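Read the structure below first, then the notes.
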Protein chains: 2
Amino acid sequence: MVAAPSFLIADDHPMVRDALASALGQAFHGAEIVMASTLAQVQAALEREPETDALLLDLDMPGMDGLTGVALLRSEHPIVPIIVVSAAREAAVVRRAYEFGASAYIDKSAPLEEIVGTVGAVLDGEIFAPPEAEPADSFAQRAARLTPQQWRVLAFMVQGDQNKQIAHKLGVGEATVKAHVTVILRKLGVRSRTQAVIEARSLAIPVAEPVRP
Amino acid sequence: MVAAPSFLIADDHPMVRDALASALGQAFHGAEIVMASTLAQVQAALEREPETDALLLDLDMPGMDGLTGVALLRSEHPIVPIIVVSAAREAAVVRRAYEFGASAYIDKSAPLEEIVGTVGAVLDGEIFAPPEAEPADSFAQRAARLTPQQWRVLAFMVQGDQNKQIAHKLGVGEATVKAHVTVILRKLGVRSRTQAVIEARSLAIPVAEPVRP
DNA sequence: GCCACAATCAGACCAAAGTCGAAGGCCTGA
DNA sequence: TCAGGCCTTCGACTTTGGTCTGATTGTGGC
C-alpha cells in the first residue's frame, strides 16, 4: 500500500466524481486527488503527473469513444494503472477493457466499500486479470500493436475526421497522417478507412438505449 | 421553500445516490431523505410517505423501462413532483419526460450547484418547462427520406463495402452507386462516407436487405 | 397527357484516401 | 561505438471517393 497515494479521477459527471473523490479521500488519508472530465484533461493531467498511482477512468466521457481512449492512454502511459469505471457491465466490454491493459474494472452500481477495496488492491500491485486469455486473433489483439501516435490518429478517424483535420489537430503534415493511416489499416487487417472505423467503433460502449413510448 | 423538505432519491448507483443525498442534505438543513434503488422500492416508499416534497428519479433503473415508469408513478401519485435525473440528454427523452408529467429534468453531468438550484425551484412550485420544442432535426428523421435503393446502398456502406463492390452486389454500375452516395450524404447532412457510416451505425440500422433478383 | 421522381449511366473533374520509398531521431544490445 | 530496429515524419504517386452536368427510362398520380 502506498503511504500517500495520488489519484486521477476522470468522469464527466460531477456527482460521480465527487462521490469517488470523497470516498477515496476518506479511505486513503493524505491522498492527492486530481479531477478530469474529458479525455484531453486526462492526458494533460498525466503529462503533468506521470507518477499517478491510479487512474479511475469512466468510459462514457467526451472524447473517449469507448475503449479506444483506454488504449490511447495505455500506449501513452504504460505504467499508470488504469481502473475502468463504467455503468456497462457487459462481459464483452469488461473483457476488452482487460485486453487493452486495464488493471481493474469497477461497476458504477457497486457499493462504495467495494470500490475502495478494489482501488486498494490495485495500489498493492494486484492486477485483476481476466479469467482467461481470448482466442488468438481478436481485433483487440491486432489493435493493441498500434503505437501512441497511431492511436491518436485512429481516435480522430473514429470521430469522422478527415486526414487534413487530423493533421491540423496533431500539428503534423497531411502526408504524415496518411502514412499512419496506411500502417493502421495494415495492422488492423482491413482495407479501408471505413472498415477500420467500423471495427474500432464496435469496441465502444453501447450508449443510451432509445426510450420506448 | 419548504422549511424541512422530504426527498426520495431513486437511483441504482450508490455513488450517485450518496452524492445527491449529501448535496441535498447540506443545501436543505433538516431535510428528510429516503433512498430507493428499484421501482418497487420507490412505490413502497411513496406508499408510506405520500407527502414527499420531491422525487429524484433516475431513468436507467431496474423495473423502470425508460419513461414508462415515470408515467406509472405519476398516475399513482399525481401530487408528488418528479424530477427526472438521467445521463441521456437527448431532446426526445427530455421532451417525453415532460409529457409524462415530470416537473424538471436534470442532467447527471450538471454541476451539483445547478442540481440543488433546480430542486429548490421545484420545491417553490416551479415547473421547469422545456426551453423550447426543438425543430426535431434528428438523424433518424433525415434518414427516413432515403429511397429503397439508397437504403440498400447505405446498408452496404455500413458494412464497409466500397462503391465497386456495392455496384457488383446490386448489379448496377459504379457511377450509379456514386450518384446514390452523393444523394445519401446530402440527405443525411454529412460530408463524407465515414461520417455517414458512423451516424448510421449509431442507429443500429438493420442490414442485409435481400439483393434484387 | 403531363408531371414529379426514382433509378440508371457517362464523362469530366477535383478532393480525399491510400501506397511506396526514404530520411532523421531515438533507444538498445553487441 | 556502431549496427539494427522502431517511431515519426514527409513528398511523390496511384486509387478511390464524391460532385456536376446532362441524359434516358419507367412508374404512379392528377
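In the text below, chain A, chain B and the rest are named by the order of the sequence lines, each starting its count at 1. Being a predicted model, the structure only gives us computed values, none of them experimental.
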Going by side chain to side chain donor-acceptor pair (under 3.5 Å), name the residues that satisfy it together with [X], two or more places apart in sequence or in a different chain.
X	answer
Arg17(A)	none
Lys169(A)	Asp161(A)
Gln41(A)	Ser37(A)

Rounded to whole angstrom units, what separation is found between the [atom1] atom of [X] and the [atom2] atom of [N]?
X	N	atom1	atom2	value
Leu185(B)	dA16(C)	CG	P	13 Å
Leu154(A)	dC7(D)	CG	P	16 Å
Gln150(B)	dT8(C)	CD	C1'	13 Å
Ile184(B)	dG18(D)	CD1	P	10 Å

Measuring to OP1 and OP2 of [N], would you say a side-chain N or O of [X] lies under 4.0 angstrom away?
X	N	result
Ser192(B)	dG18(D)	no
His180(A)	dT8(D)	no
Arg193(A)	dT15(D)	no
Thr176(B)	dC9(C)	yes
Thr182(A)	dT19(C)	yes

- Query: Toward the 5' end of DNA chain C, which comes first, Thr194(B) or Lys178(B), by nearest nucleotide?
  - Reply: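 Looking at DNA chain C, the more 5' nearest nucleotide goes with Lys178(B).
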
- Query: Which heavy-atom pair separates Ala36(A) from Leu8(A) by the least distance, and what is that distance?
  - Reply: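 In this case the closest contact between Ala36(A) and Leu8(A) is CB-CD1, 4.2 Å.
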
- Item | Over all atoms of both residues, closest heavy-atom pair of Leu112(A) and Ala23(A) |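 Where Leu112(A) meets Ala23(A) most closely, the heavy atoms are CD2-CB, 4.2 Å.
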
- Quick one: which residue pairs count as a side chain to side chain donor-acceptor pair (under 3.5 Å) with a foot in residues 173-183 of chain A, not counting sequence neighbours?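 Listed once each, the pairs would be none.
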
- Query: Charged N to carboxylate O under 4.0 angstrom, Asp12(B) versus Lys108(A)?
  - Reply: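 Looking at Asp12(B) and Lys108(A), the cut-off is not met.
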
- Message: Students often get this wrong, so: under 4.0 angstrom with heavy atoms, is Arg191(A) touching a base, only sugar-phosphate, or nothing?
- Response: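 It contacts nothing in the nucleic acid.
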
- Message: Just to verify, which of Ile83(B), Val122(B), Val42(B) counts as forming a side chain to side chain contact (heavy atoms under 4.5 Å, CB included) with Leu55(B)?
- Response: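 The residue from Ile83(B), Val122(B), Val42(B) that satisfies side chain to side chain contact (heavy atoms under 4.5 Å, CB included) with Leu55(B) turns out to be Val42(B).
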
- Message: Can you give me the bend angle of the helix from dG1(C)-dC30(D) to dA30(C)-dT1(D)? Use the axis through the first five pairs and the one through the last five, nearest 10 degrees.
- Response: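 Taking five pairs per end, the axes differ by 30°.
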
- Those residues of residues 160-170 of chain A lying under 4.0 Å from DNA chain D by at least one heavy atom: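 Within residues 160-170 of chain A, no residue comes under 4.0 Å of DNA chain D.
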
- Rounded distance (nearest 0.5 Å) linking atom CD of Gln159(A) with atom CZ of Arg201(A):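 The distance works out to 8.0 Å.
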
